[in-house]
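Each remark here refers to the structure printed beneath this line.
Just so we're clear, the structure is a prediction, and the values are computed from it rather than from any experiment. Values below: every heavy atom of this structure, side chains too, minus hydrogens, waters and symmetry copies. Per chain, numbering begins at 1; letters A, B, ... match sequence-line order.
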Amino acid sequence: MKEYNHLRIEPKWRKIWEKKGINKTLDKTNKPKFYILDMFPYPSGQGLHVGHPRGFVATDIYSRFKKMNGFNVLHPMGWDAFGLPAENYAIKMKVNPMLMDKLNVKRYKEQISILGLNYDWTREINTTDPNYYKWTQWAFLQMYKKGLVVESDEPINWCPSCKTGLANEDLEDGKCERCGTTIEKKPLRQWVIKITDYADRLLADLDELKDWPENIKESQRNWIGRSEGSELWFNIVHSEEKIRVFTTRPDTLFGVTYIVLAPENKLVDELKPFIKNWPEVEKYRDEVKKKTEIERTTVDKNKTGLLLEGVEAKHPITKEKIPVFIADYVLNNYGTGAVMAVPAHDERDFAFAKKYNLAIKEVISGGNIEKEAYTRSGILINSGEFDDLDNEEAKTKITDAADGEKKVTYKLKDWVFSRQRYWGEPIPLIHCENCGVVPVPEKDLPVKLPKVKFYEPTGTGESPLAAITKWVNTKCPVCKGKAKRETNTMPQWAGSSWYYLRYIDPKNKKALVDKKKEKYWSPIDLYVGGGEHNTRHLIYARFWHKFLFDIGIVNYKEPFMKLMNLGMILGSDGRKMSKRWGNVVNPDDVVKNVGADTLRVYESFMGPFDQEIAWSTDNMVGSRRFLDKVWKLQDKVIKKKKVENKSAKLSETETSTGKEFEILLHKTIKKVTDDILNFSFNTAISAFMILVNFAETRPNGCSSGRETEITKSDYEIILKLLAPFTPHMAEEIWANLGHKKSIHLEKWPKYDEEKLVLEKIIISVQINGKPRATFEMPIKSTQGEVEKIAFSKEEVSKWLVGKKILKKMFIKEKILAIITN
RNA sequence: GCUCGGGUGGCGGAAUUGGUAUACGCGCAACACUUAAAAUGUUGUCUGCGAAAGCGGAUGCGGGUUCGACUCCCGCCCCGAGCACCA
């Protein structure tokens, strides 16, 4: 037997597999389909570290397993190459993003390829390929035509470092998710997609995603942030103006003692003629503007505000006059940008009322409003005809009485879709001097991103594309008059919102995806990726998919049936792998030193798949040792010759590795099968180790003196089970055993239920709850038989001396429990 | 503050419907092989008392249910994630 040399074996087999095309997926087979997908990476130029392959390895194991179980598996890979990370890296390296993209993809692909992953590279996609983004632009145009795309001048999140506007989803704690710079508010002309039109469906359909982890669904529910309430109107005394408020507690309407407007609320400007302290109002608004989003939204007991002198609102039912404030604890972009303040029953209003010495009127009984706001439910008081009502009941009645309207609001914001950056899909709209905004005709798609010399962001609020006059100036498709192209580009999330559909039909020139093919492959059976996408990509993609469903492009209303989050692999110091900490481990080095198969086994074995875990090169030796053991078993395979010597007619099946081994083998088949299905790769590896340790040390049951042996067929079962985990080594040994066809085309081993039934079982005797003895019994032993043995045991009888047995309990094949006085 | 996870040896982590807690791996120790080391193999390795046999204790803390609890229930503490002056 040759030494296990991964450097010789691994590249050899990868070449052969590629030549034979064993990873190619066919669209038409008589097999059931299985579509398994990794979140595709954005090639940033740093290259992969050992954390990235964790998910790729998992989907690879799973897809190989599915293939061996007779499924037609689609397992593709591609590149999410537009967007800020790639562009910022290109700028830093002073290389044009178009060129950088090619270099990065090449590097990523090399790194991924050496892991022995079974991707069908004939379906590779890249979001920056004009043949791809043609369809991103096409889908955008369909949204435009359906009125889902609107132009807006509202202040948006602006990253002063990336010099672009960002969507709410691109923020993390008020900072740019990409570069960590604090976000400013900046009014900017921009295109916005009305994703909020889909908020209710995005929320409701989560309930149908039975195979999504609860935490992801919960994150999305939080993000969408649905809240039910009422919209109420407060007339302003001596004015035509009305204040519109949103409240979840219309039942507390009688407790309103003041109204608060967000300082930015346009209504404040409308009320200028009535406001006597206007200079102060302007001053306050300036102060608020200076505050960052973080300062503004940090929970802060020290609330500030300003009374609008001269303005009074009228209570919709009692017609009492109510003072009106502006205060920055009210946000302009949620609800109506105005609240009715009920200090007795809202903590923020309570704090504000205390500070400015405003009236606190109790209308729900049950609390102590001298001390704190009472925010729970109760019976109405001080509410006129509504007294004694239950507050839930009062919600509807008071809303009706006040001429209000039941309403639902969401925290989810519309999707800011413009980026003032070069490296993205051009937005396919044209601004015509006569016709206004005109969509690019579909036949003219794609609107190609021009090659440019200067691609740095301008910071002026214009994309670098605005300077390419040759590209910008165009003819209006309607009136043929002078027109200019839209120069903003799409966000990175655009291309990734539907890429999974393109793998189904990557070369289609006539449609986003062929309908028949889509029907066959959709939906995605299993989607694997990092938790950082839970409220970003996964919301956008679900939205985009629902839109495509509405216009009849796809057949299912949800794209991803089952979802798995993978836990990040941290550096050995427990910190995120980063150049900054010097804790990055490169997969190329690991593959070189111990082999891709060892890396795959180690990443499977290190811990539960969805859990964050620190890398340990030291621990990895255990995985390599395991592979060495499997390899060495080759020497212990019972030679055919030996069998034939005994009798020419003896078939191989008549020799066996041993009864005990056989039971363990079948247990292992079951365990590994179940564990792969559950993504419990760590316990699957553990089961392999137990089996291989046993095969190596205790063959032939417990007989001693005989040489360690394993039958060829038993060894082959182990190899087939192992093939998804260690594709190269399994293939090499398989070939060594004389097979000409690839092991990856073999069928997955089946376990025999009967073999799992043990002949003997271990019984534990517990006396007063403490385990005192264990012994083997034949399976199906009766209580009487077990007791007979138990009472004959010294470990048992010594506890019963001088005691009375009060109770006996027998759980068959497990426990005999005895209770004494 | 609300919501969702989680807390088990020196370390990563196992444990089916409640039924022998600590599988598997790392590390460590001793032994074998070796001139030696590495590699490999064997044995041991939760903890207290004890020479040993053995006896007791332990799954974040405190209670409860049960013959029996890592597992179920109640109340806390801590860690991670999502949301958050959201009206």
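- Nearest-nucleotide positions on RNA chain B place A/K629 closer to the 5' end than the other of A/K629 and A/R772.
- Looking at A/S230, its side chain never comes within 3.5 Å of a backbone N or O of A/L232 through a donor-acceptor pair.
- Whole-Å rounding puts the A/D675 CG to B/rA15 C1' distance at 13 Å.
- Separating the CG atom in A/N768 from the CD1 atom in A/I819 is a distance of 7.0 Å, to the nearest 0.5 Å.
- A straight line from CG of A/L261 to P of B/rA87 spans 18 Å, rounded to a whole angstrom.
- Taking atom CG of residue A/L664 and atom P of nucleotide B/rA23, one finds them 16 Å apart after rounding to whole Å.
- Using a 4.0 Å heavy-atom cutoff across all strands shown, A/I811 reaches at least one base atom of the nucleic acid.
- Here B/rG19 is the nucleotide among B/rU40, B/rG19, B/rA23 with the atom lying nearest to any side-chain atom of A/Q766.
- Within the 4.0 angstrom heavy-atom criterion, only backbone atoms of the sugar-phosphate kind lie near A/M606; the bases stay farther away.
- In this entry the distance linking CG of A/L331 with P of B/rA84 reads 10 Å, nearest Å.
- Across B/rG19, B/rU3, B/rG25, the shortest atom-to-atom separation from the side chain of A/A817 is found for B/rG19.
- A/P608 comes within 4.0 angstrom of the backbone, heavy atoms only, and of no base.
- Across all strands shown, B/rA15 remains unpaired; no Watson-Crick or G-U wobble contact has both distances below 3.5 Å.
- Remark: B/rU59 base-pairs with no nucleotide in the shown strands. Criterion, Watson-Crick or G-U wobble with two distances under 3.5 Å.
- The base-pairing partner of B/rA51, taking Watson-Crick or G-U wobble contacts with both distances under 3.5 Å, does not exist among the strands shown.
- Base orientation for B/rG9: syn, the chi torsion being within 90° of 0.
- Remark: B/rC83 base-pairs with B/rG1. Criterion, Watson-Crick or G-U wobble with two distances under 3.5 Å.
- When both pairing distances are held under 3.5 Å, B/rA21 makes no Watson-Crick or G-U pair with any nucleotide shown.
- Heavy atoms of A/W799 sit under 4.0 angstrom from primed sugar atoms or phosphate atoms, though from no base atom.
- Among the protein residues, A/R625 comes within range of the sugar-phosphate backbone only, with heavy atoms under 4.0 Å from sugar or phosphate atoms but none that close to a base.
- Across all strands shown, A/Q220 has no heavy atoms under 4.0 Å from either base or sugar-phosphate atoms.
- Separation of the A/F543 and A/W493 ring centroids does not fall under the 6.0 Å cut-off.
- Listed nucleotides B/rU20, B/rU40, B/rG82 differ in distance to A/P771; the shortest reach to its side chain belongs to B/rU20.
- Straight-line distance from the NZ atom of A/K807 to the C1' atom of B/rG68: 11 Å, rounded to whole Å.
- At the heavy-atom level, A/N215 lies under 4.0 Å from the strands shown only through sugar-phosphate atoms.
- In a base pair of the Watson-Crick type (N1 to N3 plus N6-O4 or O6-N4) or a G-U wobble (N1-O2 and O6-N3), with each distance short of 3.5 Å, B/rG9 is matched with no nucleotide.
- The distance from atom NZ of A/K812 to atom NZ of A/K814, rounded to the nearest 0.5 Å, is 9.5 Å.
- Under 4.0 angstrom from either OP1 or OP2 of B/rG13 there lies no side-chain N or O belonging to A/T683.
- Taking atom OH of residue A/Y334 and atom P of nucleotide B/rC83, one finds them 15 Å apart after rounding to whole Å.
- For A/K671 and B/rC24, the NZ to C1' distance is 11 Å, given to the nearest whole Å.
- Distance from the side chain of A/K798 is smallest for B/rC55 among the nucleotides B/rC55, B/rG57, B/rA23.
- Taking the side chain of A/F246 as heavy atoms from C-beta on, and the options B/rC24, B/rA87, B/rG13, the nearest nucleotide is B/rA87.
- If you check B/rG27 for Watson-Crick or wobble pairing at under 3.5 angstrom, you find it paired to B/rU45.
- From A/M729, atom CE reaches atom NE2 of A/H6 across 12.5 Å, with rounding to the nearest 0.5 Å.
- The side chain of A/I613 lies closest to B/rG13 when the candidates are B/rG25, B/rG13, B/rA23.
- Distance from the side chain of A/S686 is smallest for B/rC24 among the nucleotides B/rC83, B/rC24, B/rC55.
- For the atom pair A/F325 CZ and A/I259 CD1, the distance stands at 11.0 Å (nearest 0.5 Å).
- At whole-Å resolution of the value, CG in A/D173 and P in B/rG82 are 8 Å apart.
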